[in-house]
There are 2 protein chains.
Amino acid sequence: MTANQPARPTRRRAPRNTLNPDRILDAAVRLLDRDGPEAFTMRALAKELGVGTMAVYSHFKGKDEISDAVAHRLLGEIELPAPRPQPGPGPDGGAGPYDQIREVCRSLYRLFTDHPSALQLLTRRPPSGDEAIAVLDRILGLLRQAGLDRSAAVAAHVSIMQYTIGSAQWTVRSRRREECDEELGDRMRERLTQLPAGRYPWLADLAPELASAYLARAEQYEQGLEALLHGLLGRR
Amino acid sequence: MTANQPARPTRRRAPRNTLNPDRILDAAVRLLDRDGPEAFTMRALAKELGVGTMAVYSHFKGKDEISDAVAHRLLGEIELPAPRPQPGPGPDGGAGPYDQIREVCRSLYRLFTDHPSALQLLTRRPPSGDEAIAVLDRILGLLRQAGLDRSAAVAAHVSIMQYTIGSAQWTVRSRRREECDEELGDRMRERLTQLPAGRYPWLADLAPELASAYLARAEQYEQGLEALLHGLLGRR
DNA sequence: ACCTGAACACCGTTCAAGT
DNA sequence: ACCTGAACACCGTTCAAGT
């Protein structure tokens with residue numbers, strides 16, 4: 001052994017092919033899911049990979065290109081329900097279009113909440129990859145099979161996406177807030193019960209229900225989804 | 001007149017009381033609505049006000065405090081429908097709770113889309129001011145008056161907020177994208193019609209409806225809201 | 001070809017100083 | 001009390017240089 005060296009740079013020059021797009025995207029997803037979008041910086045990404053900041057630029061043009069690639073990768077992971085070739089025997093007696101729509105929506109919600117990063121990336125600009133288009137096509141097909149006419153199907157798919165994205169964002173944000181601040185839930189509950197009943201009669205009355213509602217998130221999504229689908233499709 | 005001076009700093013030292021919280025918030029809203037949230041920097045804000053960057057810090061602790069104040073101000077602008085003292089005569093024969101709920105939701109959607117900045121600010125952290133609480137109380141009261149039981153009313157209000165926020169974000173983003181890129185609409189339409197019908201049969205079939213759906217935004221929101229409320233309240 | 005550090009133009013904010 | 005510029009620790013990215 002050589003005598004104690006300075007060894008300040010805890011990282012030596014990286015060997016020649018340590019980096020490739022896949023490894024970079026792995027690290028990006030890891031970083032985003034672990035530390036949130038505001039921690040997703042080029043410098044942090046390089047550190048996560050154990051290379052100099054600029055090494056990443058040999059594989060991607062810049063941060064935007066990486067963000068898009070991450071979005072595509074995550075959308076590709078989504079599991080769509082097996083398609084039923086012929087327009088099925090109706091909503092009763094098996095997984096009709098109604099159930100399949102719910103299944104796709106749940107998959108989307110799960111993707112968004114499992115990978116909070118996906119949300120910001122997908123909403124920053126509309127996804128253009130095959131994966132996204134396929135999901136869209138699938139939803140539209142199911143809505144048509146459920147009996148909606150052409151323009152109603154299009155309108156319904158927009159409403160469903162808007163609700164699903166809004167709901168997932170709500171979930172992700174409140175979850176992240178809780179992580180940052182342990183006693184936030186307790187403080188919220190206390191503040192709710194101390195609201196002046198004179199000024200906010202309904203809120204004060206519903207304080208206990210409100211406090212517990214913020215915990216059941218996936219259930220809350222599915223309840224609202226059920227109502228929305230019911231309203232859009234007109235049956236159940 | 002003195003001979004031509006250098007006069008490089010186009011702004012002289014600002015007189016002593018040019019700044020106050022109101023003027024600062026005015027400028028912040030102006031800046032946010034005009035240039036978008038990513039252009040809302042302390043330096044840009046100071047420039048908008050014609051003062052040095054640090055002048056603002058004499059009136060607000062930092063950027064977060066300004067953001068919160070802007071959110072409160074915008075929420076305060078919302079117009080709530082006149083409350084009806086006694087639980088009304090039912091959904092028929094006038095503005096029952098059903099119609100009032102719709103009215104409040106429309107006000108929220110309009111606030112969010114008129115002031116895109118409100119959206120980012122309100123979702124960054126949950127608003128804590130009187131204005132926000134009052135709106136919340138109002139919605140909960142109307143849902144109860146519409147016949148929902150305690151936990152159903154709480155769940156419904158969450159779904160409604162999630163849908164409204166998701167919808168407004170969608171609207172704001174697509175509008176902003178169009179502003180940045182004039183021919184974006186045309187390119188989207190073209191790409192839609194050129195999709196391989198073999199791989200995306202439904203999308204290809206619905207291309208014309210899809211293209212025009214992206215234009216009717218407020219109408220789209222109201223259609224989805226109608227469906228959601230119908231599903232939640234079970235009448236119409 | 002792939003990885004590197006220095007440098008540039010940004011950002012929010014701290015600080016000591018002007019008036 | 002209110003406004004100021006310089007400075008600090010960040011950010012994405014450009015560039016010339018190493019291997």
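It should be emphasised that the depicted structure is a prediction, and the values quoted were computed from it without experimental measurement. Protein chains get the first letters and strands the later ones, always in sequence-line order, with residue 1 at the start of each.
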Note to self: Assess whether a salt bridge exists between Glu178(B) and Arg217(B), defined as any Lys/Arg side-chain N lying under 4.0 Å from an Asp/Glu carboxylate O.
What the structure shows: yes
Out of [options], which nucleotide sits closest to the side chain of [X]?
{"X": "Arg13(A)", "options": "dT4(C), dT13(D), dC2(D)", "result": "dT4(C)"}
{"X": "Thr18(B)", "options": "dC3(D), dT4(C), dT19(C)", "result": "dC3(D)"}
{"X": "Ala14(A)", "options": "dT4(C), dT13(D), dC3(D)", "result": "dT4(C)"}
{"X": "Thr41(B)", "options": "dC11(C), dA6(C), dA7(C)", "result": "dC11(C)"}
{"X": "His59(B)", "options": "dT4(C), dC3(D), dG12(D)", "result": "dC3(D)"}
{"X": "Met42(A)", "options": "dT13(C), dT4(C), dG12(D)", "result": "dG12(D)"}

Next item on the list: Starting at atom CZ of Phe60(A), determine the distance to atom C1' of dG12(D), rounded to an integer number of angstrom.
Entry: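 My rounded result for the distance is 16 Å.
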Check: Would you say a side-chain N or O of Tyr57(A) is under 4.0 Å from OP1 or OP2 of dT13(D)?
Finding: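 Tyr57(A) to dT13(D) OP1/OP2: side-chain N or O found under 4.0 Å.
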Note to self: If you assign each of Leu19(B) and Lys61(A) to its closest nucleotide in DNA chain D, which residue comes earlier from the 5' end?
What the structure shows: Leu19(B)
Notebook entry, point to check: So which nucleotide does dT4(C) pair with, by the Watson-Crick or G-U wobble rule with both distances under 3.5 Å?
Noted result: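 Because both required distances fall under 3.5 Å, dT4(C) counts as paired with dA16(D).
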Next item on the list: Using both distances under 3.5 Å as the test, list the Watson-Crick or G-U wobble partner of dC10(D), or none.
Entry: none
Notebook entry, point to check: Below 6.0 angstrom between ring centroids: does that apply to Tyr109(B) and Tyr221(B)?
Noted result: yes
Notebook entry, point to check: For Thr18(B), does its backbone N or O pair with a side-chain atom of Arg23(B) as donor and acceptor, under 3.5 Å?
Noted result: yes
Item checked: Touch class at under 4.0 angstrom, heavy-atom based, for Ser58(A) against every strand present -> base
Item checked: Sugar-phosphate only, base, or nothing, as touched by Phe40(A) at under 4.0 Å among non-hydrogen atoms -> sugar-phosphate
Item checked: Distance under 6.0 Å and angle within 45° of ring axis: Lys63(A) vs Phe40(A) -> yes
